[in-house]
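Reviewing the structure listed below.
We number each residue from 1, following the sequence as shown. This is a predicted model, so every value here is computed, not measured. Worth knowing before you read on, the calculation uses all heavy atoms, side chains too, and leaves out hydrogens, waters and symmetry mates.
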Amino acid sequence: MPVLAGAVAPRGASHHLVVVGGSYAGLQAVASARESGFGGRVTLITAEDHPPYQRPPLSKAYLLGKVAEDALPLRAESFYRDAAIDLVTGCRVSHLDPVRRTITCGQDRPMPFDALVIACGARARRLAVPGAELDGVVVLRDLADARALRERLTAATSVLIVGGGYIGLEVAASAASLGKPVVVLEAGPRLLARAVPPQISDHLVRLHRRRGVTIRLGTGLDRLDGEGGRVVRAMGSDGARYPCDLVVVGVGAVPNVDFAQACGLATPAGIAIDAFCRTGMEGVYAAGDCTVQPNAFADSPLRLECVQNAMDQGRSAGAAVAGRPEPCPGIPRFWSDQFDAKLQSVGLSAGSDLSVIRGSSEEGRFSLFHFRQGHLRAVDSVNRPGDQIIGRRFLAAGLSPTPDQARDPAFDLRTLLPVS
């Protein structure tokens, strides 16, 4: 359990903040606590063997060799020293005692805390089909996964992607860009069905097929066959056989809440938190992909898996620990790079009753503005980042263009926003 010791905490400090999880949320929580004036001891614990790092490049630029591993860390080592943060790596928390207020890593001695932020993220969901244990069947969630996948991609002759979500499509684009034959099996009727509207799904299908990726919609995976312990083919629910020596599984994620669930703090769906990232236990907070939080853009609490939400929640949790609670803004934001398409979303389009297009889908540069009862709910964009900036400002201010204004490319939407 290596420890990168921070500087000595401020004199007179007695409270101990422990943050579990070297994620965007965990790192933001310790940074926010310090920025908000927390003067006690701070310990950041991560199960991985290295400091917190960027995760979005893992399925894209890192796989393509465009981003080196030494460029991935989110903060330099000097940050932890200067902010007096003890960074503990290679430590997986196995037990939380809310009565004694301690957490335990494996067989180590319990570590006491006065305030706790749980930011353990989520792990990749595994396949439950015959052959799922074969060599060559992999997931992509962390740096260790990405290292292994990058090495396997070099030697792969045929790649099968199971799942047409963000990870699956990003890896498909990366593999195809490396010249590998790629097949994507998506059990649902369209790509990214839970995240984007049909128009975006259709655009992505056309994009991937133009680049040589085979997309099979409405097709699940029945089994994987192997030879000598290695995967060699897949049998789809359509009855077809798909040769493959590398299978990348992208069928969702499961929140890492086992130790929190054991003490009644969480359910399998995640850790329930309020707008200030407080749990049902005094002095215990949570942030990131392991949480479920009420959201103004949804009719029920959500578990949002996105970097922006993790950072927003981490910032809110850290401020609350320091006694300066600030509600999490809760504006969902997602993005994905696939080939030459930058997909960006702000808000949630689910529940909208009208969508209008701005730009041209034929030219590969367009946005969909989604409304409910005439009020803007979300903006999904392909290669139109300016619309995303405007959309974020509208949603943050609680303002809205009319559908006619949104669909008119000659109308300057910025004129409706307050002068900053």
Side-chain angles (χ1 to χ4, degrees), residues 56 60 164-166 169-170 173 188-211 213 215 217 295-299 302 304-309 312 329-420:
K60 303 179 282 288
Y166 284 115
L169 294 178
E170 289 170 1
R190 61 186 181 89
L191 300 178
L192 285 171
R194 293 185 299 172
V196 301
Q199 298 96 320
I200 300 289
S201 299
D202 294 343
H203 179 81
L204 293 175
V205 168
R206 294 191 296 270
L207 170 68
H208 278 261
R209 286 176 174 165
R210 283 199 307 269
R211 298 300 186 97
V213 178
I215 304 285
L217 300 175
N295 190 285
F297 293 87
D299 297 327
L302 291 177
L304 288 174
E305 295 178 36
C306 65
V307 170
Q308 188 62 48
N309 184 67
D312 287 343
I331 301 177
R333 286 174 57 191
F334 306 87
W335 64 87
S336 176
D337 294 311
Q338 300 170 36
F339 299 112
D340 56 357
K342 178 174 286 294
L343 169 64
Q344 296 172 284
S345 300
V346 60
L348 295 175
S349 61
S352 301
D353 52 33
L354 176 65
S355 299
V356 300
I357 189 169
R358 187 179 181 92
S360 169
S361 60
E362 290 76 15
E363 296 176 2
R365 295 184 67 254
F366 67 101
S367 293
L368 290 165
F369 284 68
H370 307 280
F371 296 83
R372 178 191 281 183
Q373 297 179 349
H375 198 79
L376 185 66
R377 297 277 298 175
V379 181
D380 293 305
S381 304
V382 175
N383 292 334
R384 284 183 68 99
D387 289 347
Q388 285 293 300
I389 295 172
I390 291 173
R392 289 199 299 270
R393 292 185 62 188
F394 272 120
L395 295 178
L399 300 175
S400 176
T402 67
D404 286 341
Q405 290 168 337
R407 65 161 56 94
D408 181 1
F411 184 83
D412 188 351
L413 295 174
R414 294 172 298 179
T415 61
L416 302 176
L417 292 166
V419 178
S420 58

Verdict with supporting geometry, S336 and L169, side-chain contact (heavy atoms from CB on, under 4.5 Å): CA-CA 9 Å; S336 176; L169 294 178; 6.0 Å; no
Verdict with supporting geometry, I200 and L368, side-chain contact (heavy atoms from CB on, under 4.5 Å): CA-CA 9 Å; I200 300 289; L368 290 165; 3.9 Å; yes
Residue pair D387, F369: steps toward the side-chain contact (heavy atoms from CB on, under 4.5 Å) verdict: CA-CA 9 Å; D387 289 347; F369 284 68; 4.2 Å; yes
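In this structure, A195 and Y166 approach most closely via the heavy-atom pair CB-OH, 3.7 Å. Minimum interatomic distance between L399 and P418 (heavy atoms only, all atoms of both residues): CD1-CD, 3.6 Å. Contact between S349 and P197 at its shortest, heavy atoms only, is OG-CD, 4.1 Å.
Side-chain contact between F371 and V356 is present, with at least one heavy-atom pair separated by less than 4.5 Å. Within the 4.5 Å cutoff, the side chain of L343 has no heavy atoms near those of the F334 side chain. Put simply, the side chain of N309 does not reach to within 4.5 Å of the side chain of P332, judged on heavy atoms.
Distance check, rounded to the nearest 0.5 Å: CG of L304 to CD1 of I331 gives 12.0 Å. With rounding to the nearest 0.5 Å, the separation of CG in L376 from CG in L395 is 5.0 Å. To the nearest 0.5 Å, atoms OG (S361) and CG (N383) are separated by 12.0 Å. With rounding to the nearest 0.5 angstrom, the CD atom of Q338 is 6.5 Å from the CG atom of L192. Atom CG in L354 sits 14.0 Å away from atom NE2 in H375 (nearest 0.5 Å).
For R194, there are no side-chain contact (heavy atoms from CB on, under 4.5 Å) partners two or more places apart in sequence or in a different chain. Scored by the ring-ring contact (aromatic ring centres under 6.0 Å, His included) test, F366 finds H203 as partners (sequence neighbours excluded). With sequence neighbours left out, S381 forms a side-chain hydrogen bond (donor to acceptor under 3.5 Å, both in side chains) with S367, Q388. In terms of the side-chain hydrogen bond (donor to acceptor under 3.5 Å, both in side chains) criterion, Q199 has no residue partners (sequence neighbours excluded). Under the rule for a side-chain hydrogen bond (donor to acceptor under 3.5 Å, both in side chains), the partners of R190 that lie at least two apart in sequence or sit in another chain are S201. For R414, the salt bridge (charged side-chain N to carboxylate O under 4.0 Å, His left out) partners two or more places apart in sequence, or in a different chain, are D412. Residues satisfying the ring-ring contact (aromatic ring centres under 6.0 Å, His included) test with H370, not counting sequence neighbours, are none. Partners of R209 by salt bridge (charged side-chain N to carboxylate O under 4.0 Å, His left out), not counting sequence neighbours: none found. Listed by chain and residue number, nothing satisfies the salt bridge (charged side-chain N to carboxylate O under 4.0 Å, His left out) test with R377 (two or more places apart in sequence, or in another chain). The side-chain hydrogen bond (donor to acceptor under 3.5 Å, both in side chains) test applied to D312 returns Q308, R315, not counting sequence neighbours. The side-chain contact (heavy atoms from CB on, under 4.5 Å) search around L417 returns I390, R393, F394, not counting sequence neighbours.
A salt bridge (Lys or Arg N to Asp or Glu O under 4.0 Å) check over residues 332-358, counting only residues at least two apart or in different chains, returns the pairs R211-D340, D337-K342.
In this pair, H208 and F339 present their aromatic rings perpendicular. The plane angle is above 60°, beyond the 30 to 60° band.
Side-chain N or O atoms of N295 include one that pairs as donor or acceptor with a backbone N or O of G330 at under 3.5 Å.
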